[in-house]
Novice: 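Quick one: the structure is below, and I'll ask about it shortly.
Labels below follow one simple rule: chain letters A, B, ... track the order of the sequence lines, proteins then strands, and each chain is numbered from 1.
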Amino acid sequence: MKRGTAQFLWVLVLLLIWEAAARFSGVSPLLLPTVEATVASLFDALFHGTLFYQALFSIGIIALGLFIGVALALVLALLAVQSRLADSLVGTLTALAHPLPGLAILPLLILWFGSGTGVILAIIVHSILWPVLLNLTAGLRQTPAMYLDIGHLLSLSKPRIAVELMLPCAVPDLLAGVQIGWSRGWRALISAEMVFGAVGRLGGVGWYLFKERTFMDAPGLFAGILLVICIGVLVEGVLFSRLERLLLTRFGREETK
Amino acid sequence: MSFAAEGLTKRYPGKDGMHTVFEQLSFSLPDGAFLVVLGRSGVGKSTLLRVLAGIEKADAGEVLLDGAPRAGAGRDVFFIFQDFNQLFPWMTLEQNLTYALRRAKLPESTARAREALGQVDLLDAAGKYPRALSGGMKQRGALARALALRSRVLLLDEPFSSLDPITRRQCGETLLRLWRARDFTAVFVTHDIGEALSLGTGIAVLGRAGLSFFDPSAPGLAEDLENALGDGGEKPEYFD
């Protein structure tokens, strides 16, 4: 059986267990709604309510965060492999900032900048930047020494060697970093939206979850969680796996000294 | 017109002080020479080539091309590595060549690349990525890159030693054919006496005392080379 098929079957089993527990365990539907009620609530919120736009808002902001985070990581990593000074600075910054959870700096950011989309974006960028940077610099350093020698033989400048010879070698690591960055960023986004309240006109999925909890709308709450899972699975299972197949056939690593 | 070394010295820091790989090494090759440098593994053959190419700095001495000292590496003196994967794996064979040509600011990169690929019988594989090529094809591709760059001197660091014997002989013949047809000087490093005898118009052995040159037409050459290699000394292995 294919891996995907097996996973799909496991999801069905879990849904069956959930449905059975909701129907026959005697637990109040306020605490555990049925699958049916949850799916109905999800469709209702998506197509008759605001959840669709809230999901779009969250996806938009994480996409922007990913773009900024990856761009910053690229600039810093490419500088770090060209200059010792930049390398030690980037190394120090990474060591200090990488272990710091995005939510830990949220109160400070609110204090400084108030609440708004920019602050959520800053937290997402923080969550994405460091793991991408860490992976990318490690990948750049794994460039075979022979390629650098060839770069010298062709009289390439340091920036050209970094961008044209080292960066292609680091694509697998960049991709791994982006995957870690995305999942951290996505978690940070949902959490920040819950802490923050509505940002923008409607707020994102995190705000939706928070509201449903406040109103004790269990099917709505479960629907929100289901949506967060679905978006995560779609991005990782479809988008990233396609990207991986596309890029790794061309930039995959070969056995080289 | 020549490729020469004057007083080349290379040292490496070791556990117990500096180790000398070679000292005051000098030679001069006329244009179009084909010198095979023999030496036991660990004697510093690769290091010598890397210094000649300008990839590594000498501690003393100079490398001269047409009498002028070379400052660092450049496409005039190109390197063929032992490793099969010296073509960039994210480019097709032809792109590998055109990339090098564009970066070396040579005009008509596509035409030149295709001409060089034709010379090593790889025109049919021009659009293939290196991973789809055999070891011998990759090494011929690397050779084509150097040809396309119109390098004056080719430094070849045991380029065919990881190939099977038949492919190895074929690659050797291709190299000789190109060398006869084109105007470049070759310095070919190997530890295989048979390969040295089949290729070189000049043969030298790198040992403790530096380079000793042998007359390729002298009788009993193979035996002399064996003896010379036997005296290669007990240099630590990490030099190569």
Novice: Does B:W90 reach the side chain of A:L167, with side-chain heavy atoms less than 4.5 Å apart?
Specialist: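 The answer is no; the side chains never approach within 4.5 Å.
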Novice: Could you tell me which non-hydrogen atom of A:I150 sits nearest to which non-hydrogen atom of B:Q86, and how far apart they are?
Specialist: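 Reported closest heavy-atom pair: CD1-O, 3.2 Å.
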Novice: Show the nearest heavy-atom pair for residues A:Y147 and B:L87, with the distance to one decimal.
Specialist: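 In terms of heavy atoms, the two residues are closest at OH-O, 3.9 Å.
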Novice: Measuring heavy-atom distances to chain B, does A:L148 have an atom under 4.5 Å in its side chain, in its backbone, in both, or in neither?
Specialist: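 For A:L148, no heavy atom lies under 4.5 Å from chain B.
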Novice: Using non-hydrogen atoms only, which part of B:F79 is less than 4.5 Å away from chain A: side chain, backbone, both, or neither?
Specialist: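 For B:F79, heavy atoms of backbone and side chain both lie under 4.5 Å from chain A.
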Novice: Looking only at heavy atoms, what is the nearest atom pair of B:A73 and A:S155, with distance?
Specialist: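 For B:A73 versus A:S155, the nearest heavy atoms are O-OG, 3.7 Å.
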Novice: Answer with side chain, backbone, both or neither: which region of B:F84 has an atom nearer than 4.5 Å to a non-hydrogen atom of chain A?
Specialist: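 When you check distances to chain A, no heavy atom of B:F84 falls under 4.5 Å.
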Novice: How about B:E6: does its CD atom have over 12 heavy atoms from other parts shown lying under 6.0 Å from it?
Specialist: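 Not more than 12 within 6.0 Å, no.
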Novice: CD of A:Q7: more than 12 outside heavy atoms within 6.0 angstrom?
Specialist: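 Yes, enclosed.
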Novice: Check this for me: B:I166, atom CD1, are more than 12 non-hydrogen atoms of other residues, nucleotides or ligands nearer than 6.0 Å?
Specialist: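 No, CD1 of B:I166 has 12 or fewer neighbouring heavy atoms, counting only those of other groups under 6.0 Å.
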Novice: Any heavy-atom pair between the side chains of B:F88 and A:C169 that's under 4.5 Å?
Specialist: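 No, side chains not in contact.
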Novice: Rounded to the nearest 0.5 Å, what separation is found between the CD atom of B:E56 and the NE2 atom of A:H152?
Specialist: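 Rounded to the nearest 0.5 Å, the CD-NE2 separation comes to 11.5 Å.
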Novice: So what's closer than 4.5 Å to chain B heavy atoms on A:L153: side chain, backbone, both or neither?
Specialist: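 Contact with chain B involves both backbone and side-chain atoms of A:L153.
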Novice: A:L156 and B:Y99: which non-hydrogen atoms are nearest, and at how many Å?
Specialist: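 Scanning both residues completely, I find the closest heavy atoms to be CD1-OH, 3.4 Å.
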Novice: Are any non-hydrogen side-chain atoms of A:D149 and B:F81 less than 4.5 angstrom apart?
Specialist: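 Sidechains of B:F81 and A:D149: in contact.
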Novice: So which of B:R50, B:R145, B:R103, B:R75 has the biggest tally of heavy-atom pairs under 4.5 Å with chain A?
Specialist: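 Highest number of heavy-atom pairs under 4.5 Å: B:R103.
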Novice: Inspect the surroundings of CG in A:L108 and state if more than 12 heavy atoms from other residues, nucleotides or ligands are less than 6.0 Å away.
Specialist: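 Yes.
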